[in-house]
2 protein chains.
Amino acid sequence: MSLQTVSRVINNEPNVRPEMKERVQASIDRLGYVPSIAAQRMSGSRSYLILAINDRERTIADWRERIGTDWVDQMLLGGMLTCAEHGYRMMVELVDTHNDHVERELSAMIAALQPDGVILTPPHSENPLITGLLAKRQISFARISSLEPGPGIRLTLDDDGSARKATEHLIGLGHTRIALIAGPEEYSLSGWRIDGWLRAMQDAGLATDGLCERGDFSFESGLKAARRLLDSPDRPTAIIASSDQMSLATLEVARDLELEIPRDLSLVSFDNTPIVKFTQPALTAVDQPIAETISRAVELLINQDKIAMPTEPINVEGSLVERASTGPVPAANGG
Amino acid sequence: MSLQTVSRVINNEPNVRPEMKERVQASIDRLGYVPSIAAQRMSGSRSYLILAINDRERTIADWRERIGTDWVDQMLLGGMLTCAEHGYRMMVELVDTHNDHVERELSAMIAALQPDGVILTPPHSENPLITGLLAKRQISFARISSLEPGPGIRLTLDDDGSARKATEHLIGLGHTRIALIAGPEEYSLSGWRIDGWLRAMQDAGLATDGLCERGDFSFESGLKAARRLLDSPDRPTAIIASSDQMSLATLEVARDLELEIPRDLSLVSFDNTPIVKFTQPALTAVDQPIAETISRAVELLINQDKIAMPTEPINVEGSLVERASTGPVPAANGG
DNA sequence: CTGTTAGCGCTTTCAC
DNA sequence: GTGAAAGCGCTAACAG
């Protein structure tokens, strides 16, 4: 049998007689032969590598501060395992968004690694410099949390629907003044969460004026936003915060103001990182289906030439995990 | 200039005139040229890849349960950044320890990826099947938390010293009955922690009989161990638990027995994962220098032919982070 | 259906 | 100090 036939068997190509195939496979198994990825890549075939690119600054900060953000872990959980099922590998890389050399950095990464697919998380997924470069280089990629038209498979984590669910949960508890601490404008998902909240409120005929503040996902920004909301004489009885860190901050502001949660204030968080089970009280939170979304992205990227690529965005639904930070609206006792 | 000269400049080899070197470098920069790692690897040079291998079962379980274990993140923090400094990449891979095909699995991984170095974490670092295979394949590797003689660079996270520090901290607070919930026997580090605790106790002239229980790092096992220790009539006034999960379990058992921490019982944890800041009370914990240790391992692996490899194990010191779960020994009021 | 040939982009080896 | 030739392990393209 020739080298070529072996290659055909390895790659599960047609045009090999079953009997021959079996014979080759037997030898492969006996010798424990595994093709070198480098050589495969060299000869113009695939590299069996999917790159997951995250924002450098934010990721490193999260790792350093050890505040419980498990975004990368969830990406690995969904991505690595799905990659492994198809004989692929996933590699995590960090790229600076706010950097003059994004293009250079990305180009170098692609030239060196030659991945078969790339997964872009926000804010990279919304950076035209990055998506443009990838498109030009003919590398297929998935954009997480980006709905802008253009190349790349689009996947969203149902920010809109989750915000709506959170809001409706609070409305169901009798709240009418439900505030939102939104994320920064540079993330589209911040806007989608506002939309979800806004629509749920409007559908219930509730006012929203002065009930939306912005933060940047950080604890510090949450402190400011929560103070602005809670210092108001006509303060909300419930707050939805767009990140666990901002929820933590809200908890602290509430403590300062001697507001008991959930008696005086209900709180719903976004992210559902491990720490929210341990706060006092444990937080009701929106769970983002990160692993599932990345898994779907990997699946699509790997099978891009076997199945039709979706032209519409794929929305992966999250869920609301109810814990102790939400409760019925306080009785109006003129306090 | 020839292709060859370019290669020499890229690899910073001698025998290129400075003037020539400069000219080549200028072109490289202008074109944004980056060599293909696959091709480099093919031609017998390095792959610029360091593999970090973790236990599959435990890692996936941690990711799924979302209990705040940030071991992989800390590995990436130390490993990826140090790799990047040297133009290397780090890849995380999962391997089953308790598996008949460990060798096959590892062989395949190595054949496919051809890493320049491998980092083994426990329990793999103590698995002779794995270390033997790597040695035979002439792949240099680092063994984290393994002191057994044999091939590979050995690095430890000062388990012995950390246990001693924790014990001495408690002795300093007046405790005399200090118990230890140790880890499972299959991890050498469990034994080192016992050693550190034992020696600190003996140095202070304190008894240790019946004060050491075993767990397997899990919450469930912690529950059992803590009950055995605290149900005893002559119960300890302080416990050191070998993992955050076992500490959490101890907290729960103490609550069941209406023991207030730290008034009736002091508790020191191991790991210092993000959640311990949020427990009630926040836990005094041993911080494991994971990032630093992996960074050191990467540094050594990359420079293996430039500098002499250490023959003695390298011990990276951790620190004790004091929080609210440790306090003075309760006054003996015959309660 | 199977085998042969050429070439991927580098580095090694050897000539000059 | 530089350049030319050979080859790493595979697969695409083509021949049979």
Distance in angstrom units between A:Ile37 CD1 and D:dC10 P, rounded: 11 Å
Side-chain N or O of B:Arg41 closer than 4.0 Å to phosphate OP1/OP2 of D:dC8: no
Side-chain N or O of B:Thr5 closer than 4.0 Å to phosphate OP1/OP2 of D:dG3: yes
Atom pairs, N/O to N/O, protein against nucleotides 14-16 of chain D, distance under 3.5 Å?
none

Atom pair distance, as rounded to whole Å: OH in B:Tyr33 and P in C:dG9: 9 Å
Euclidean distance, atom CG of residue A:Leu3 to atom C1' of C:dT5 [Å, nearest integer]: 12 Å
A:Arg23 CZ - C:dT2 C1' separation (whole Å): 12 Å
Euclidean distance, atom CD of residue B:Glu19 to atom P of D:dG1 [Å, nearest integer]: 12 Å
Note: B:Glu22-B:Arg17 ion pair, threshold 4.0 Å (strictly below): no
Short side-chain N/O contact from A:Ser36 to OP1 or OP2 of D:dG9, under 4.0 Å: no
Side chain of A:Met42 - closest among D:dC10, D:dA12, D:dG9: D:dG9
Short N-O contact, A:Arg23 and A:Glu19, less than 4.0 angstrom: no
Atom-to-atom span, OH of A:Tyr48 to C1' of D:dG9 - whole angstrom: 14 Å
Residue whose nearest DNA chain C nucleotide is more 5′ - A:Ser43 or A:Asn15: A:Asn15
Salt-bridge contact B:Glu93-A:Arg89 (side-chain N to carboxylate O under 4.0 Å): yes
Ion pair check, A:Arg56 and A:Asp96, cut-off under 4.0 Å: yes
Pairs satisfying salt bridge (charged side-chain N to carboxylate O under 4.0 Å, His left out), at least one member in residues 66-76 of chain B, at least two apart: A:Arg66-B:Asp70, A:Asp70-B:Arg66, A:Asp287-B:Arg66
Rounded distance in Å - CD (B:Glu13) to P (D:dT2): 13 Å
Sugar-phosphate, base or nothing in reach of B:Gln4, heavy atoms under 4.0 Å: base
More than 12 heavy atoms of other groups within 6.0 Å of A:Glu57 CD: no
Out of C:dT11, C:dT2, D:dG1, whichever nucleotide has its closest atom nearest the side chain of A:Arg17: C:dT2
N or O in side chain of B:Gln40 less than 4.0 angstrom from C:dC10 OP1/OP2: no
Separation of atom CG in B:Asn11 from atom P in C:dT13, rounded to whole Å: 14 Å
Residue pair A:Met109 / A:Leu94, side-chain heavy-atom distance below 4.5 Å: no
